[in-house]
There are 2 protein chains.
Amino acid sequence: MPGYKAPLRDMQFTLFEVLGIDKHYAALPGCEEATPDMITAILEEGAKFSERVLAPLNQVGDREGCTFDNGTVTTPTGFKEAYQQYVEGGWPSLAHSPEHGGQGLPESLGLFVNEMTGTANWSWSMYPGLSHGAMNTLEAHGTDEQKHTYLTKLVSGEWTGTMCLTEPHCGTDLGLLRTKAEPQADGSYKISGTKIFISAGEHDMADNIVHIVLARLPDAPAGTKGISLFIVPKFMPTTDGGIGERNAVSCGSIEHKMGIHGNATCVMNFDAATGYLIGPANKGLNCMFTFMNTARLGTALQGLAHAEWAFQNSLPYARERLQMRALNGPAAPEKAADPIIVHPEVRKMLLIQKAFSEGGRALIYFCSTLVDKVKLSTDDAEKKEADELLALLTPIAKAFLTEVGYEAANHGVQIYGGHGFIAEWGMEQNVRDSRISMLYEGTTQIQALDLLGRKVLMTQGETLKRFTKMVHKFCQAEEGNEQLKPYVQELAKLNKEWGELTLQIGMAAMKNRDEVGAASVEYLMYSGYVVLGYLWARMAKVANEALAAGSDEAGFYQAKVATAEFYFKRILPRTRAHVACMQAGAAPIMALDSELFQF
Amino acid sequence: MPGYKAPLRDMQFTLFEVLGIDKHYAALPGCEEATPDMITAILEEGAKFSERVLAPLNQVGDREGCTFDNGTVTTPTGFKEAYQQYVEGGWPSLAHSPEHGGQGLPESLGLFVNEMTGTANWSWSMYPGLSHGAMNTLEAHGTDEQKHTYLTKLVSGEWTGTMCLTEPHCGTDLGLLRTKAEPQADGSYKISGTKIFISAGEHDMADNIVHIVLARLPDAPAGTKGISLFIVPKFMPTTDGGIGERNAVSCGSIEHKMGIHGNATCVMNFDAATGYLIGPANKGLNCMFTFMNTARLGTALQGLAHAEWAFQNSLPYARERLQMRALNGPAAPEKAADPIIVHPEVRKMLLIQKAFSEGGRALIYFCSTLVDKVKLSTDDAEKKEADELLALLTPIAKAFLTEVGYEAANHGVQIYGGHGFIAEWGMEQNVRDSRISMLYEGTTQIQALDLLGRKVLMTQGETLKRFTKMVHKFCQAEEGNEQLKPYVQELAKLNKEWGELTLQIGMAAMKNRDEVGAASVEYLMYSGYVVLGYLWARMAKVANEALAAGSDEAGFYQAKVATAEFYFKRILPRTRAHVACMQAGAAPIMALDSELFQF
């Protein structure tokens, strides 16, 4: 049976040895509680919960799925009880303000815990994940009364939340949305419309569900500038904190999906449901964007999750499965055949999984420190820098890591051969579950346009320079480091090329905006490989230093160094294809008249 | 609802205009019946059957799957009836010898029909597909009596067949297999053992099932040189061509799989079942290998099938779905948003699907002409050349086309955005169904070793030269062709590089055999891109000529030229990454001690 072990050693390596998380927290106001001991204790508790409670439910969730009966959704066996334990453990409140019952720990720490719950069982983790989105909205834009009524219940975990954005005819293009909000005499609104793809829209895990809904006021301007945000509870709250009568919002059906079967993906019907405006009228999208980065980082995590899970479940099989002999002669002559880990192409797939999961961890954790700085830093320059870096790295983390996470999950199937296609081993579920990550929270294509169009070109490359300067500094500092030299040279070259490519595309785009679209996904993937290269070089540096200092964990650090070497030699060269494709420009894509696409 | 339309125009283009199939058949003995009119008539009939009967059952098969009850397997609604129609239409007998009731048409023509049945409904098509494998075995190695008893029934379609190779502990490494065959006084054998992953091993579509089983005789040498082939019927045949008592072979269970739900993947238990030796004792694997190329070409077809299906079902959605505005300004200002086909990244995905399905068609059809030549040519030199070319191209077609077919299927999901993840649109089924193609009939990794190790290096590059010489000739002949110049130049460069890379790896492998394994998949993908490049250049040539001649199908040919351009400019550069990764060698993959892979 597939399983999960929280990679605590690697998490500690990334947090303390690479990113200096202790110093990071010590320098930020409001992170006083996040001492190294506290971090370690929380991670260990999170690990236990994820390994013992959530991981065993991962296959159950896939097999059973959610069931829909006349507006009611039943989650798979054990999901409700696991959520109860999660609430009892105080996990929903971890990174929320004490004012509303939270523990006041940093946002980043919540993300580290989410890595473990998400890797153990992504479908389950989406229920609290959506609540977290709703909480962030309320915390940022709700009135005191709204916070008192709704936020405290979400923080305690008694209620859960959703984000209701998508409609049948609009996903990416929210400007088209039609759900209406009619103002009422008492200051409330009647919300009418249909929302689709609402994760955790209806379920049996909590007493009440707080929907955050995008809708239009009657006099709203067309397009994205006429969208407002509303709170629509499933049950109307009573003044004593209980639940009252049922609101006119209901689940019309649930989707039959490729994966994440354990999560209820709902069609939600709002039939003049009572709602309350949050934030200023017609500024709904702006309100949402304030924490879009955090939400996208949460999805980036899914890339890491499926890569890590694939590696953990591929490795034991690669050691145990005996098939054929090593090309250089028997490695286990006493056995009928050699374990398949001796074969270069199997090892290659394992190393790809390892390089992407550990590299992905470094990227997401790095981004999470930026989230903390944006939220908490009192130094304006630091805050601005963090904000710009995060703006640049978020679409990369979201799209690049989910793409390579899917690749890693697919390698898991491949390592198992035919058995990978069979449900019981869990490898194919990992592929199916991971497939959604490239679609929701903005597809890879949308992230790519966001990166190249909005983040890079619209800032005249300023945001990109925030990052390339950091890489440049690192390369300069390590110039004399013999062990790092090949990496630093390669990085410096790519760093320079990155700027040049940007300039080329920018120039071409002045004549033809399609040049941006035609380059965007290749540009994003290129950027992702370079960003991960920088982080792998930093990890190699730390590992080399630990080895030089005579660490008693030599094996751990040797594996780091070998993985960095693999990354630079056998993954990073993928950039060559992306560069060549980008430089071919838009013409080969746009030349054919739309009507002539035929079959 | 997703659908399928047989791409008859493109099939005709490939067959008649690119490959000159009429001349090909005219030059081979035994292909007299395959006149242009006959080819066209068969393709049109095959198209009707595939579009009207099979395509509507594709989603049904996925949703219902096969059901297992106490040894009995029930196929999805409509599968049995469709098979009946297939038999009544005479399809099973198409490419088999008249001596056993066949129509004596060329093997290649059967493959063209299989493209349509397979694209319409891969799961269903596997039932006759496996029969075809059993028929080929019997035709090549059976005694006259065996042919009379079994082959005629398979050719008529009354019975179906299977190939029973895999066992729980061995898939790739058949040398490990344990199933036993005990000789009996009457010349028969008692077969005992368990086989897994037996496609169509048990079902309700035909009266009897003829299993071709790999097993070991008591005195057989260990390893692959001690394997023999046996016929094991589900029901013992009676002398009058009916079925008699049940044999001791039974289905123990069926697998729950990621995809191809409509096909029964069976665990087959042989409990001293009666079997009959086919071919010489201990030469079972050799017997199998005689038509391994055909079987692998049949799986290569799956890559084409899923790419074609993805394109056909992506295109209408890309035209209808309105979302965002074109980057250069509204393309459909009268609508609320532009159809997504205006966005470069959507077009890019459509063009990738188109380039791989049409290019894959050219490759498979080309290979199928080689199959005909190997089987029928009376010119020894021609036969030898075809055999060597086919040996080289088969692993490329099988692994490369299934890998890019999976990519194309995934783009189908991506074009649909979140809807791609939902079952009703069929895009996610296409991905799930296609995933198996990289695993069975030898994984991509096994094909890659076969290509680089056995086909290329073991022949000192002679087999490769068969192909590169052909490319070289083409490039020389088209040197002065202005329209083709950029393609020809690029191809000539790659053709040369291909030889150089081969030499580099060959030299490195003399010191370390792992260099072969470590380069193999990159080498295979590189080869695939070059082979398809050659075929796209040939297609562009034909299309340019038709346009110059003032064809009244200008749109069709313009689309060809544009797709060739796209292929050369935006797909072929992927070779750059493969070259760089290959040249990094085995060290980065093999350096880390196996024990140090940890999490």
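Convention: sequence-line order gives letters A, B, ...; per-chain numbering from 1.
Counting only heavy atoms from C-beta outward, the side chains of A/Ile260 and B/Phe421 approach each other to under 4.5 Å. Proximity of B/Tyr406 to A/Asn410: side-chain heavy atoms (C-beta onward) are separated by under 4.5 Å at one or more points. Two residues are said to be in side-chain contact when any heavy atoms from C-beta on lie closer than 4.5 Å; B/His419 and A/Ile196 meet this criterion.
A donor-acceptor pair under 3.5 Å is formed between the side chain of A/Gln323 and the backbone N or O of B/Asp173. Side-chain atoms of B/Arg570 come within 3.5 Å of backbone atoms of A/Gly585 as a donor-acceptor pair (strictly under, hydrogens ignored). Of the possible donor and acceptor atoms, none in the side chain of A/Gln429 sits under 3.5 Å from a partner among the backbone N and O of B/Met258.
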Side-chain donor-acceptor pairs of residues 590-599 of chain A under 3.5 Å, sequence neighbours excluded:
unit_1	atom_1	unit_2	atom_2	d
A/Asp593	OD1	A/Glu595	N	2.8
A/Ser594	OG	B/Arg347	NH2	3.2
A/Gln598	NE2	A/Glu595	O	2.8

Checklist entry - Can B/Gln445 and A/Val346 be said to form a side-chain contact (heavy atoms from CB on, under 4.5 Å), step by step? => result CA-CA 8 Å; B/Gln445 288 68 28; A/Val346 172; 5.9 Å; no
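Residue B/Glu345 holds its CD atom at 7.0 Å from CG of A/Leu449, rounded to the nearest 0.5 Å. Distance check: B/Leu322 CG to A/His169 NE2 gives 10.0 Å after rounding to the nearest 0.5 Å. With rounding to the nearest 0.5 Å, the separation of CG in B/Asp514 from CG in A/Asn328 is 4.5 Å. The distance from the CE atom of A/Met324 to the CD1 atom of B/Ile446 is 5.5 Å, given to the nearest 0.5 Å.
The shortest non-hydrogen separation linking A/Pro344 to B/Ala518 is CB-N, 3.5 Å. In terms of heavy atoms, A/Pro168 sits closest to B/Arg321 at O-NH1, 3.0 Å. Heavy atoms only, all atoms of each residue included: A/Arg576 and B/Ala577 are closest at CB-N, 4.3 Å. A/Gly417 approaches B/Leu439 most closely through the heavy-atom pair O-CD2, 3.5 Å.
With a threshold of 4.5 angstrom between heavy atoms, B/Thr444 approaches chain A through its backbone and through its side chain.
Interface check for chain B: of the options A/Arg513, A/Lys354, A/Met582, A/Lys348, the most heavy-atom pairs under 4.5 Å are formed by A/Arg513.
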